[in-house]
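Notes for the one structure printed next.
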There are 2 protein chains.
Amino acid sequence: MNEPLSPRQKDVLELIAKSIAERGYPPTRPEISAALGATSPNAAEQHLRALERKGYIEILPLARGIRVLGQKRGQSEFPGRKVFSGVVPIPEIRSDPVFARVLRLPLIGRVAAGQPILAEQSIEDELALDPQLFTPTPDFLLRVRGDSMRDVGIHDGDFVAVVRSRDALNGQIVVARIDDEATVKTFERKDGRIRLLPANPDYAPIDVDGDLVIEGRVVGVIRRSL
Amino acid sequence: MNEPLSPRQKDVLELIAKSIAERGYPPTRPEISAALGATSPNAAEQHLRALERKGYIEILPLARGIRVLGQKRGQSEFPGRKVFSGVVPIPEIRSDPVFARVLRLPLIGRVAAGQPILAEQSIEDELALDPQLFTPTPDFLLRVRGDSMRDVGIHDGDFVAVVRSRDALNGQIVVARIDDEATVKTFERKDGRIRLLPANPDYAPIDVDGDLVIEGRVVGVIRRSL
DNA sequence: GTTCATGCTGTAAACATTTACAGTATCCGA
DNA sequence: TCGGATACTGTAAATGTTTACAGCATGAAC
């Protein structure tokens, strides 16, 4: 479960998502501060740091380098159009032409033992996807085996879109490698101990003792042939 | 028709598209120049101006404010379905891995009352997808509202890929229109009577008396922001 | 043979943007 | 009562980035 946000932090997160959705790029610190009614760019900076610490965004050392990370199902703050609470809209917003670009992602079927997950022989296919579809931009697709994540809507045979990452925050759904098997589970670290939680009462949580490699975070699901 | 590009300009355009696809944001002038082997940021600036003059990109007065423009219009064989080849209709670029042959599908948010489902005002966005991803090729995407199909892994906020069709077979998941509301349910016809079945014990089956319009069959699901 | 688009170098001003530092104040839980 | 999170002001350095100016060279078009 992601850490809860203060109302103000929620405003900022929505502001960022709105800017990206409507203008195509994230706001600057001064823009955020102005929209909040604050005058110091630092007001925004502090909020951004808090949002990053809580796992909601990623800050890149760039102009407008803010990336909104995926939300846990059911507590998503900003899908589509939402009324913004008392926040002054960003000036100069306009709807923009379609950003036509395509990402080609490798589809990983079965992970080859002793090989990196993106090893040549694991790549089953390559699929074109809209880079805007998932945030952040995934690095590969993985075919899910088994129903251990059934209750969050990830079923046997589904493709999950994965961003490569060696670490994760509590509550994020990760692709992990245990004994050369790729598995999709919810990540949980408590008291320095890592557990991988299924989303299906028929499966038991996995207590990790040592040999865990996190391959990435799940940022989306695709199901074909329904 | 778009003006032709010089080979060098094509390089720059690909460079920009690649940066956006792989990193999520456009390059700066110095970055472009460096990638070209040039040393002056002005080398890039000139190319950008040329690309904008020819209608391939839009330059925004911002850091990294480059937007690659899509093709203006294409005649579509099916209403709503548009096949494009990357950003620009240039054969050389088409072969670049960044630019795959893609399907552009309209994303329907909320269905407008009294309007066909693909009415202009219902289209919230347009997404690029691999034409091979779903079979048969879908005609549009619909944002699902509610959890009535939870147990087959279709959740609130998911996108379903839909093939237009006025009919369906028993057990197929359809998009139906009842009282100007689009709903996703499992189709069942028994003794000439049509029922729409939810996949969630909290919801009741709908017995259809007459006013049913089937808009299409669900052939896939996409979930973002997990 | 002049004009135009291409394709650069090189420099620097102007501006945008991030980031650090030094404060202030409130609220909340241990 | 302490520490920590929240929520700011205010200033300024450092850096990132765009944009203007002043050139030079080439080849194609007219």
Of the nucleotides dC8(D), dT18(C), dT6(D), which has the atom closest to the Gln46(A) side chain? dC8(D)
If each of Arg29(A) and Ala38(B) is mapped to the nucleotide of DNA chain C with the nearest heavy atom, which maps nearer the 5' terminus, i.e. the 5' end? Ala38(B)
Of the options dC8(C), dT6(C), dA7(D), whose atoms approach the side-chain atoms of Ser6(B) most closely? dT6(C)
Interatomic distance, Leu36(A) CG vs dA7(D) P [rounded to whole Å]: 10 Å
In whole Å, what is the span from the CD1 atom of Ile66(B) to the C1' atom of dT18(D)? 11 Å
Of the listed dT9(C), dT18(C), dA7(D), the closest approach to the Asn42(B) side chain comes from dT9(C)
Return the value, rounded to whole Å, for the distance between atom CD of Glu31(B) and atom C1' of dT17(D). 10 Å
Looking at Arg8(B), I'd like to know whether one of its side-chain N or O atoms comes within less than 4.0 Å of OP1 or OP2 on dC8(C). yes
Would you check if Ile123(A) and Ile108(A) make a side-chain contact, meaning some heavy-atom pair closer than 4.5 Å? yes
Residue whose nearest DNA chain D nucleotide is more 5′ - Arg53(A) or Ser33(A): Arg53(A)
Checking His47(B), Gln46(B), Glu45(B), Glu52(B) against Arg49(B) for side chain to side chain donor-acceptor pair (under 3.5 Å), the one that qualifies is Glu45(B)
Restricting to non-hydrogen atoms, name the atom on Leu62(B) and the atom on Arg64(A) that form the minimum distance, rounded to 0.1 Å. CD2-NH2, 2.7 Å
Which of these nucleotides, dT17(C), dT19(C), dT6(C), is closest to any side-chain atom of Ala63(B)? dT17(C)
Can you check the Ile32(B) CD1 to dT9(C) P distance for me, whole Å? 14 Å
For Arg166(A), look at atom CZ and say whether over 12 heavy atoms of other residues, nucleotides or ligands are found less than 6.0 Å away. yes
Considering only heavy side-chain atoms of Ala43(A), the closest of dC21(D), dT9(D), dT19(D) is dT9(D)
Output yes when Lys10(A) and Glu14(A) qualify as a salt bridge under the 4.0 Å nitrogen-oxygen rule, no when they do not. no
Examine dT6(D): is either OP1 or OP2 under 4.0 Å from a nitrogen or oxygen in the side chain of Lys10(A)? Give yes or no. no
Correct closest heavy-atom pair for Leu105(B) and Pro138(B) would be CD2-O, 3.5 Å
Quick note, Gln9(A) side chain, CB onward, closest among dT6(D), dT19(C), dA12(C) is dT6(D)
How many Å lie between OH on Tyr25(B) and P on dG16(D), as a whole number? 13 Å
Would you mind reading off the distance between Arg49(A) atom CZ and dT18(C) atom P, rounded to a whole angstrom? 11 Å
Rounding to a whole Å, what distance do you find between Asp11(A):CG and dA7(D):P? 9 Å
Can you identify which nucleotide, out of dC8(C), dT17(D), dT17(C), has its nearest atom closest to the His47(B) side chain? dC8(C)
Spacing between Leu62(B) atom CG and dG16(D) atom C1', to the nearest angstrom: 13 Å
Can you find a donor-acceptor pair, distance only, under 3.5 Å between Ser40(A) side chain and dG10(D) base? yes
Checking contacts here: which listed nucleotide (dG10(C), dT6(D), dC8(D)) is nearest the side-chain heavy atoms of Thr39(B)? dG10(C)
